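Please read these numbers as outputs of a predicted model, since none were measured by experiment. Numbers restart at 1 for each chain; the letters A, B, ... are given by sequence-line order, proteins then strands.
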Amino acid sequence: MGDILNVSHLTKRFSGLVAVDDLSLTVKERQIHTLIGPNGAGKSTTINLITGVLKGDTGTITFAGKDISDMPTHKIAQLGLGRTFQNIKLFGAMSVIENLMVGAHKNTSQGIVNFLWNTKRAKDEEEKMRAHAEQVLKQIDMYSHKDDMVNELPYGLRKMTELGRTLMIDPKMILLDEPAAGLNPSERQEFIQHLKDVYDSGIDLFLIEHNMDVVMSISHYITVINFGAKIAEGEPKEVVNNPEVIKAYLGSRFKAE
Amino acid sequence: MKSRKNIIGIVCLIVAVILPWLFNSTYYLSLFGQTLINIIIVFGLNFITGLTRNMNLGTAGIMAVGAYTSALLSTRLGISPWIGLAAAILVGFLIGRGLGYPSLRISGVYLSLTTIAFGEIVRLVLNNTTSVTGGAQGLTNVPVFSIFGFQIQRGIPFYYFLLLFMLLMFWISTRIVRSKWGRAFKAISDNPDAAESLGIDIAKIKILAFTLAAIYAALGGALYGNLMGYLNPSTFNFDFSINFVIMLMIGGIGIVRGNIIGAIVVTMLPELLRFLGDYYQLVFYTIAFIGAIKLPQGWPAGIVSLVKWVARKTGSKSRKEG
């Protein structure tokens, strides 16, 4: 198995503060990899660096064999790196299916001039996008909500819509920034099941998560960071028994296990 | 619901077809022609200000460039107005690109100021290059179109020509708004971070929206020259640019059908308010102002929800009484 994502000696400073400090991590193909750490450890900054929202001061990031350190966000997404946001970012003025169809935009090839005179091809492309979106909605059990406006959906379904939208770009890997945050226990179970289905369909996952139930039930590999630097990594069992991780993040309640 | 909308559309079209026979005077035909041209320009503005939410206050400037390009080619060089129209599309394309690039670095109020500056520069240049444009004296004898050797005379024939043109642009706009382009325009204004994370190149989409807006405006400008037969730089002032934004607002931002209503209201209202004399502007802008605050979704949407509200009230009343 090769590496899908490779972060090497990544550093990011915000004036005086070192948000990410010489961080190296490798996400292997066919693995659910989780990044954990206390508040302010630099998790979100790391995701923003990987997705090109922020540029690192030093270090390199490769995704699917390509150096993406200096690529703009949309180019990285075009390589097949999908993401969801910590506080859901949907297109509020659109319906669920339209949100998903925006996700298919990058996979279409017709230019605007061709669109204007080749009405048949335009229609075909539109129908293809719609069919793809409907198929994804069925996959995530949201088909019955396809024409609902996203602003009128409950929180859990908005999260699902965001997941569906990023599935539309045909990603190789999805970065999920706190996917379980704000979900009630039953919604959380459902969401985890959907994530596992997504993983089984051949898409690798990289999560940032706070909820240790979720982390332990889904992760194959865990990286722990604190103050922007890596303090431990390994299989879930080893990581939760690592004394430094317990001290920095988990607290003593995990010691007994 | 869809069939009802279609019926409304057909009725509007029939009214538009018989209108020039009911109000057959030079004055009214010129007013109707201007309305049709304004509708076309608002269709364009809808892309950039309506869907991608970049306030363009330089529409009159773009229109002027289109108008003068076409008119100068036909009056000074004797080139067919059809080629003038094509040239207007080309300059519209170039202006759209030119205004689109700054929009990638500046946004909000600063972008609006840039577009105002563009409009004013165009007006001042046209005013001062007297030897070419005729300056403040204006440019006269702009010819009409001819097709298969027949001239499309000003008056009823040109009205129908503009009507056909408007319908063509309506069809194109509706198609774009309902396609992946329309969704991309909405997406980049609604949530740029999310749009980028889906692989959408915001710069490209923004420039496309600007380019479409500029092409529509330049085209509208060229047709304006042909309609009036006379151009003067002072027509294309800042007030004119503002009027297009008001049309967009009144019709409901982002809605192509609404664009038509907005353009009709704003072009016709001053004529209906003519009896107010000097106070017409005060009344007109007060109406527009109240509309902007009270009906942010535009007048048509506002009226629809008002009708529904009244129906609900009276419906519940009659149920109580019964």
Checking A:R165, A:M168, A:H74 against B:L198 for side chain to side chain contact (heavy atoms under 4.5 Å, CB included), the one that qualifies is A:R165

Item to complete: Below 4.5 Å from any heavy atom of chain A, which atoms of B:L51 appear? Answer side chain, backbone, both or neither.
Response: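 The answer is neither part of B:L51.
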
Pairs of heavy atoms under 4.5 Å with chain B: top-ranked of [options]:
{"options": "A:R83, A:K75, A:M129, A:E126", "result": "A:E126"}
{"options": "A:K106, A:E98, A:Q110, A:K89", "result": "A:K89"}
{"options": "A:L116, A:L81, A:T51", "result": "A:L116"}

Which atoms of [X] come close to chain B, meaning under 4.5 Å heavy atom to heavy atom: side chain ones, backbone ones, both, or neither?
{"X": "A:I76", "value": "neither"}
{"X": "A:T84", "value": "neither"}
{"X": "A:M101", "value": "both"}
{"X": "A:E162", "value": "neither"}

Do side-chain atoms of B:R175 reach the backbone of A:F115 as a donor and acceptor pair under 3.5 angstrom?
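Yes; at least one donor-acceptor contact below 3.5 Å.
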
Would you indicate whether the side-chain heavy atoms of A:V53 and B:D193 approach each other to under 4.5 Å?
no

Chain A shares the most heavy-atom pairs under 4.5 Å, among B:L208, B:I202, B:L212, B:I176, with B:I176

In terms of heavy-atom pairs under 4.5 Å with chain A, the winner among B:A184, B:A187, B:A195 is B:A187

If you count the non-hydrogen atoms of other residues, nucleotides and ligands that lie under 6.0 Å from [atom1] in [X], is the total more than 12?
{"X": "A:K128", "atom1": "NZ", "value": "no"}
{"X": "B:R178", "atom1": "CZ", "value": "no"}
{"X": "B:Y101", "atom1": "OH", "value": "no"}
{"X": "A:Y155", "atom1": "OH", "value": "yes"}

- Supply the atom-to-atom distance B:S179 OG to A:I112 CD1, rounded to the nearest 0.5 angstrom.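 So the gap between those two atoms works out to 6.5 Å.
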
Exercise. Could you grab the distance from atom CD1 of B:I188 to atom CZ of A:F91, nearest 0.5 Å is fine?
Key: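 That separation rounds to 10.0 Å.
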
Q. Any idea which heavy atoms bring A:A77 and B:S197 closest together, and the distance?
A.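 Reported closest heavy-atom pair: CB-O, 3.3 Å.
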
